[in-house]
Amino acid sequence: MNFKSLRDQIDSMMARDPAARSRLEVVLAYPCFHAVVLHRLAHGAWRRGWRLSARVISHLGRFLTGIEIHPGASIGERLFIDHGMGVVIGETAQVGDDVTLYHDVTLGGVLPSVNSSAQIGVKRHPTLGNGVIVGSGAQILGPVTVGEGARIGANAVVTKDVPEGVTVVGNPARMVVPKDKRESREFLAYGTPRGELVDPFLRAIEDLRGSVTALNERVAELEAQLAEREAEADDGGRPKAASSASS
Ligand SMILES: CC(C)(COP(=O)(O)OP(=O)(O)OC[C@H]1O[C@@H](n2cnc3c(N)ncnc32)[C@H](O)[C@@H]1OP(=O)(O)O)[C@@H](O)C(=O)NCCC(=O)NCCS
């Protein structure tokens, strides 16, 4: 894991968590950051065949963060696990880039454990495409594929493939059409459109963001008008407003 990858990881977490205030806060106080860094170390050891060291590092990560990622699991760039506690990612799970998981999510296996040695190397955990969002408490079980950009609702139980870009909820998970029928692939905190935010603190932040954007646009507009008038004055002409007033 190089410096750029670490910085991308931190920045992506800040972009996806409305409560994150600084990079230092993410480095010091976000279990996801610690879990991902320790997983990179554990996975490196696992691939070199240092299985016991890998398991010990992974166990340390679990102890510190409450996030259990098997060292054999393949994790893409910029994984964000919000809150973290109770997340389990199994040995043959594959997680794409820019995936978001909330607490208590399981990417688990389903093969019977009667002959566990027969399971070694067998793909028995899910594959998540890029940009997937998995709500808190959701269980995705078995070697299923969740397509790019799909959203899994809180507490859903998924045991079948999920197509790209859709939303599934419930147990067993079924597809639903979100109220806003959004086409946008932008990340939405909690997988939920702005209008559905129920946390008053998040609403206040969103309102402030909106006001700051509107103010910035207004300032840019006024600066452009001012620059135009100064250019006209430099040319020896009179400002447009004055000339139109006299005509
Ligand atoms: C699945 C999810 C992404 C859908 O969000 P959305 O686009 O706003 O969808 P809508 O609210 O329009 O819901 C569409 C339908 O699914 C139902 N639904 C939504 N989430 C559901 C859930 N987790 N379980 C069961 N049903 C759910 C809605 O009631 C609605 O049903 P209806 O059509 O019969 O009225 C969102 O509800 C969700 O579960 N996000 C995860 C949030 C989370 O884990 N937060 C943790 C923060 S700490």
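Ligands are counted one by one from 1 in listed order, and the atoms in each one are counted from 1 as well. Side chains included, hydrogens not; waters and symmetry mates left out as well; all remaining heavy atoms used.
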Counting only heavy atoms, tell me which of [options] gets closest to [atom].
atom	options	result
atom 39 (O) of ligand 1	A150, A154, A173	A154
atom 43 (C) of ligand 1	G153, S136, A138, G170	S136
atom 4 (C) of ligand 1	T167, V176, T100	T167

**Asked** Would E221 and R218 pass as an ion pair if we require N to O under 4.0 Å?
**Response** yes

Element-labelled atoms of ligand 1 that are located less than 4.0 Å from some non-hydrogen atom of [X]:
X	value
G135	41 (C), 44 (O)
H103	48 (S)
H83	48 (S)
V169	1 (C), 18 (N), 19 (C), 20 (N), 21 (C), 22 (C), 24 (N), 25 (C), 26 (N), 27 (C)

**Message:** Show, in sequence, the C-alpha distance, side-chain angles and deciding distance for I69 and I75, and conclude whether the side-chain contact (heavy atoms from CB on, under 4.5 Å) test is met.
**Reply:** CA-CA 9 Å; I69 310 178; I75 305 290; 4.2 Å; yes

**Which residues share a salt bridge (Lys or Arg N to Asp or Glu O under 4.0 Å) with D98, sequence neighbours left out** = R78

**Message:** Are V146 and D161 packed together at the side-chain level, in the sense that at least one heavy-atom pair is separated by less than 4.5 angstrom?
**Reply:** no

**Asked** Got a sec, which hydrophobics cluster with I57, joining ILVMFWY side chains under 4.5 Å apart, including via others?
**Response** L38, L41, L60, F63, L64

**Complete:** Rounding to 0.5 Å, atoms CG (L107) and NE2 (H125) come to a distance of 9.0 Å

